[in-house]
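The next block holds one structure in the form of structure tokens; read it before the comments.
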There are 2 protein chains.
Amino acid sequence: MATRTGRSQRRTEALSRERIVEAAVELLDTAGEGGLTFRALTERLATGHGAIYWHVANKGELLAAATDAVIAAALAVEPAGSAGSTGSADSTPQERVRAVASGLFDTIDEHPWVAAQLTASSLQVTTPRIFESVGRQVRALGVPEGSWFTAASVLVEYILGAAAQNAANARALGPDANRAEFLDAVSNAWEELDPDDYPFTRAVAEQLRAHDDREQFLAGIDLVLAGITALHPPRG
Amino acid sequence: MATRTGRSQRRTEALSRERIVEAAVELLDTAGEGGLTFRALTERLATGHGAIYWHVANKGELLAAATDAVIAAALAVEPAGSAGSTGSADSTPQERVRAVASGLFDTIDEHPWVAAQLTASSLQVTTPRIFESVGRQVRALGVPEGSWFTAASVLVEYILGAAAQNAANARALGPDANRAEFLDAVSNAWEELDPDDYPFTRAVAEQLRAHDDREQFLAGIDLVLAGITALHPPRG
DNA sequence: TTCCATTATGGAGCGCCGTTCCAGTCCTGG
DNA sequence: CCAGGACTGGAACGGCGCTCCATAATGGAA
């Protein structure tokens with residue numbers, strides 16, 4: 001299966017699965033999810049369809065590979081330590097959860113197409129990476145083993161859900177346009193909703209206008225962490 | 001713009017935006033996200049493309065309308081009350097959050113395509129409905145007004161994130177196949193991961209195999225609620 | 001060195017998609 | 001009764017993912 005061990009390049013510059021995935025990520029970043037096309041890829045790599053299909057089975061596999069590459073890079077930034085569990089260093093588990101979550105949030109903010117892909121293939125290849133990074137900190141928090149799966153799942157689901165929605169907003173806006181204007185428009189729309197049907201939404205319209213996405217996201221992380229601590233006190 | 005007030009039907013049975021959306025939902029349910037095609041819709045409604053495009057601008061608008069219809073139905077099941085805030089009745093705010101969340105979870109489980117659509121158009125038309133339903137209970141929980149937006153956002157983001165991931169698993173599985181077999185296969189895959197790289201994931205593989213999606217989801221809701229209560233004690 | 005199976009390439013083309021265009025039909029108000 | 005707006009449906013366009021296949025480059029065997 002496409003071993004290619006140590007083979008030197010052929011013609012111009014050997015086409016490899018790596019180069020294809022790299023080009024795919026660039027295309028997705030610059031042109032959005034709809035921008036990844038085998039035709040565009042063909043042009044960018046100066047080759048034909050068939051050559052690409054030799055390395056990659058189909059578009060789905062290419063998307064999965066691109067997602068995995070981006071997420072792996074995001075999680076590699078962490079110190080990660082060796083096989084160690086607690087990570088000895090000078091940070092609390094809470095801080096380390098925030099760090100992992102922040103990294104994922106920023107990465108998905110930079111590559112909005114990742115969000116759709118991640119939620120579309122949940123228990124597949126990429127998710128264990130995320131699950132493991134988050135789960136180690138859950139364990140370090142002192143959660144009893146019987147609740148590990150639940151606590152880690154909630155964290156991962158919240159992280160991916162919040163990041164996905166944030167990315168969707170960024171995507172709906174376009175890469176350049178003015179975020180403040182967009183928030184202002186949505187906030188105004190909320191304020192003009194029917195007062196009988198939407199009292200709460202109208203009441204928080206102002207908070208929507210003023211909020212900061214990242215801050216909001218980290219506040220959510222803290223809230224989930226507080227829930228974990230409340231249900232599983234550190235020294236039970 | 002397409003008033004059609006009280007017009008009696010024309011030929012066979014007047015084509016209406018309502019009938020189109022209804023057919024679209026049925027197609028999405030039976031054939032998946034890829035099953036919604038203007039050609040399939042044409043055939044099912046015994047008409048031509050142009051007729052559909054007269055009522056609906058494009059596929060995106062049709063998807064949004066279908067999503068809105070399904071979500072509106074899901075939230076309408078709630079007692080909803082009048083404009084009232086607390087909902088007087090015999091249930092606690094926590095129980096009412098669980099009820100709203102359950103309804104959304106079940107609906108997204110029944111119509112998996114809704115998840116992708118919801119996260120793809122976050123601050124658009126449909127979301128305020130959900131936000132309002134959840135937000136009213138947040139208010140009833142006694143959360144201080146300055147934290148309403150944060151608390152409601154976290155709940156909505158978790159609900160949509162978790163439901164989306166659950167729906168993705170259901171979709172990856174196909175409508176018929178065996179859930180237990182699928183979980184077993186993933187669990188086995190997790191157990192065969194590298195012990196050095198994935199100690200936590202391996203440790204919870206057994207919990208993954210045994211878990212119940214709905215129970216897991218509600219445990220997450222409880223965890224988030226516990227976090228809200230911890231950070232905003234009922235009587236501050 | 002010669003030869004050939006393997007590995008790798010890229011172009012032609014198929015079927016399907018969303019969407020546009022437009023000629024035509026139906027219905028209603030004047 | 002007829003003009004004109006409301007509505008229909010078929011033809012056609014460009015672009016998509018993907019398959020097929022003739023061919024070129026390659027490295028090991030002879």
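The basis for the numbers below is simple: all heavy atoms, side chains too, and nothing from hydrogens, waters or symmetry mates.
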Whole-Å gap separating [atom2] ([N]) and [atom1] ([X]):
| X | N | atom1 | atom2 | answer |
| --- | --- | --- | --- | --- |
| B:His55 | D:dT8 | NE2 | C1' | 9 Å |
| B:Ile52 | C:dC17 | CD1 | P | 13 Å |
| A:Lys59 | C:dC17 | NZ | C1' | 13 Å |
| A:Glu43 | C:dG11 | CD | P | 12 Å |
| A:Leu27 | D:dC16 | CG | P | 11 Å |
| A:Arg17 | C:dA8 | CZ | P | 13 Å |
| A:Tyr53 | D:dA22 | OH | C1' | 20 Å |
| A:Ile20 | C:dA8 | CD1 | P | 11 Å |

Inset, instruction - Give me the ring orientation class for A:Phe131 and B:Trp190: parallel if the planes are under 30° apart, tilted from 30 to 60°, perpendicular past 60°. - result: tilted
Inset, instruction - Side chain of B:Thr37 only, please: which of D:dC18, D:dC16, C:dC17 is the nearest? - result: C:dC17
Legend entry - Side-chain (B:His111) to main-chain (B:Ile108) donor-acceptor, under 3.5 angstrom: no
Inset, instruction - Give me the one residue out of B:Ile159, B:Leu155, B:Leu118 that meets side-chain contact (heavy atoms from CB on, under 4.5 Å) with B:Ile130. - result: B:Leu118
Legend entry - Close aromatic pair by centroid cut-off 6.0 Å: A:Tyr158 and B:Tyr158: no
Inset, instruction - Compare side-chain N and O positions of A:Trp54 against OP1 and OP2 of C:dT9 and report whether any pair is under 4.0 Å apart. - result: no
Legend entry - Residue closer to the 5' end of DNA chain D, A:Ala57 versus A:Gly34 (nearest nucleotide): A:Gly34
Inset, instruction - Indicate whether the side chain of A:Asn188 and that of A:Arg209 have a donor and an acceptor atom separated by less than 3.5 Å. - result: yes
Legend entry - Residues A:Thr201 and B:Arg129: side-chain donor-acceptor under 3.5 angstrom: no
At a cut-off of 3.5 Å, list every protein nitrogen or oxygen paired with a nitrogen or oxygen from nucleotides 12-15 of chain C, distance to 0.1 Å.
none

Inset, instruction - Would you indicate what B:Leu36 reaches in the nucleic acid, counting non-hydrogen atoms under 4.0 angstrom: base, sugar-phosphate, or nothing? - result: sugar-phosphate
Legend entry - Along DNA chain C (nearest heavy atom to each residue), the more 5'-positioned of A:Leu45 and B:Asn58: A:Leu45
Inset, instruction - Give a yes or no on whether a salt bridge exists between B:Asp213 and B:Arg179, defined as a side-chain N under 4.0 angstrom from a carboxylate O. - result: yes
